[in-house]
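Let me begin by presenting the structure, written as structure tokens, before commenting on it.
Proteins come first, then strands; the chains are lettered A, B, ... in the order of their sequence lines, and each starts at number 1.
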Protein chains: 2
Amino acid sequence: MSPLKGANGSERDISRLLRRAGLRVTPQRTLLLEIIRESEEHLDADEIYRLARNRHPRISLSTVYRTLSLLKDMGLVRELDFDQDHRHYELCDSGEYKHYHLYCLDCGKIIEFESPLVTELAEQLAQEHDFEITDCRVTVAGYCSRCRSGSGSES
Amino acid sequence: MSPLKGANGSERDISRLLRRAGLRVTPQRTLLLEIIRESEEHLDADEIYRLARNRHPRISLSTVYRTLSLLKDMGLVRELDFDQDHRHYELCDSGEYKHYHLYCLDCGKIIEFESPLVTELAEQLAQEHDFEITDCRVTVAGYCSRCRSGSGSES
DNA sequence: CTACTTGCAAAGAGTTTGCTAGGCC
DNA sequence: GGCCTAGCAAACTCTTTGCAAGTAG
């Protein structure tokens, strides 16, 4: 079977997506991802909220925002700025993992990066161990320059 | 909250170790790691079990085995085969992250690897973003040759 | 026997949610 | 006003535990 190309997967597909990003699978997240995926348009937060309430009336607006922001950070969803007041969202990929994360342990800032080194690594591993690689996660942590110099926060 | 407290102020250190490995911090794991670290000898499972029960009488033997195996897999602990019947354990490091994991999504086999590419990547990131890197996690998933080519059972 | 593993219900760790109450343009 | 974020207790997801039974040598 080919790698995931599931155009018409389903919940199952979506929970896999979440899991791969290292996120917990909750009804809310699944629902929001489904809504984003099923729509041909680029929805904005409010539309997503409204659609979500059809199927899950208890969902709260802050959940929508938090989830969208999270999904964006994890690279599952792309944020589009058409105008100043609305942000629109679209599904980012269908399984391809192309970027990785560098984050500051102090201020929590997340920097996404890509690197040919990772691709190279994956290829090397695939050959050396005769693996078919489907996912590759790289998470680098440390302290950014500002946190190192500026603040003296310690707990 | 935590019934264990007797040790030095090293609990903090140990939970960081666990966290870095992506593991949850539980009293049992903390305790076992403390025991392994504090002992000058290379303890075996049974000794660890006995020592653990001094401070945490409810702990079960299976927890000891599972935890040791887990810690080994995550590279926190090294397993030593002195003879055929006993395995001994020692603390692996003190925070340096030197190896990464490739695992099969089907059979669950875990292969540890090291790679200069990762070091290179870390250095590159440090320079490019002016970060002080303290941790670097690489986890690659896929399907091993055996699982791809048919069965997949028989570990 | 000894050394270790597995299955499963229940406890636990850590995350996520829905509130409510704001902030910013 | 419209769009989005913050703080916090409670709800939830998923992992881990302890027990008991089981495997291997």
Legend entry - C/dT5 phosphate, OP1 or OP2, under 4.0 Å from B/Y65 side-chain N/O: no
Inset, instruction - With DNA chain D as reference, determine whether A/A45 or B/S60 sits nearer its 5' end, using the nearest nucleotide of each. - result: A/A45
Legend entry - Atom pair distance, as rounded to whole Å: NE2 in B/H56 and P in D/dT17: 9 Å
Legend entry - Minimum-distance nucleotide to B/R87 side chain [options: C/dT17, D/dC19, C/dC4]: C/dC4
Inset, instruction - Could you tell me the separation between the CZ atom of A/R24 and the P atom of D/dC12, rounded to a whole number of Å? - result: 13 Å
Legend entry - Nearest heavy atoms of A/E112 and A/H101, plus distance in Å: CG-CD2, 3.8 Å
Inset, instruction - Using atom CG of B/L43 as one end and atom P of C/dC4 as the other, report the distance to the nearest whole Å. - result: 13 Å
Legend entry - Whole angstrom value for the distance that separates C1' of C/dT6 from CG of B/L61: 13 Å
Inset, instruction - Look at all strands and tell whether A/T26 reaches a base, only sugar-phosphate, or nothing, counting heavy atoms closer than 4.0 Å. - result: sugar-phosphate
Inset, instruction - Look at B/H88 and C/dA3 and indicate whether a side-chain polar atom (N or O) is within less than 4.0 Å of OP1 or OP2. - result: no
Inset, instruction - Any chance you could measure B/R53, atom CZ, to B/L61, atom CG, to the nearest 0.5 Å? - result: 9.0 Å
Legend entry - Whole angstrom value for the distance that separates P of C/dG18 from CG of A/L32: 9 Å
Inset, instruction - Consider the side chain of A/P27, meaning its heavy atoms from C-beta on, and name the nucleotide among C/dG18, D/dT13, C/dG14 that approaches it most closely. - result: D/dT13
Legend entry - Spacing of A/I36 atom CD1 and A/L68 atom CG [to the nearest 0.5 Å]: 5.0 Å
Inset, instruction - Examine D/dT16: is either OP1 or OP2 under 4.0 Å from a nitrogen or oxygen in the side chain of B/T63? Give yes or no. - result: no
Legend entry - Residue A/R55 excluded, over 12 heavy atoms near CZ under 6.0 Å: yes
Inset, instruction - May I have the distance from A/I59 (atom CD1) to C/dC19 (atom P), rounded to whole angstrom? - result: 11 Å
Legend entry - Candidates C/dC19, C/dT17, D/dC19 - which lies nearest the side chain of B/R66: D/dC19
Legend entry - Euclidean distance, atom CZ of residue A/R29 to atom P of D/dC14 [Å, nearest integer]: 10 Å
Legend entry - D/dC19 base / B/S62 side chain donor-acceptor hit below 3.5 Å: yes
Legend entry - Whole-Å gap separating P (C/dG14) and CG (B/L23): 11 Å
Legend entry - Any B/Q28 side-chain N or O less than 4.0 Å from OP1/OP2 of D/dG18: yes
Inset, instruction - State the CD-OG distance between B/E34 and B/S39, to the nearest 0.5 angstrom. - result: 12.0 Å
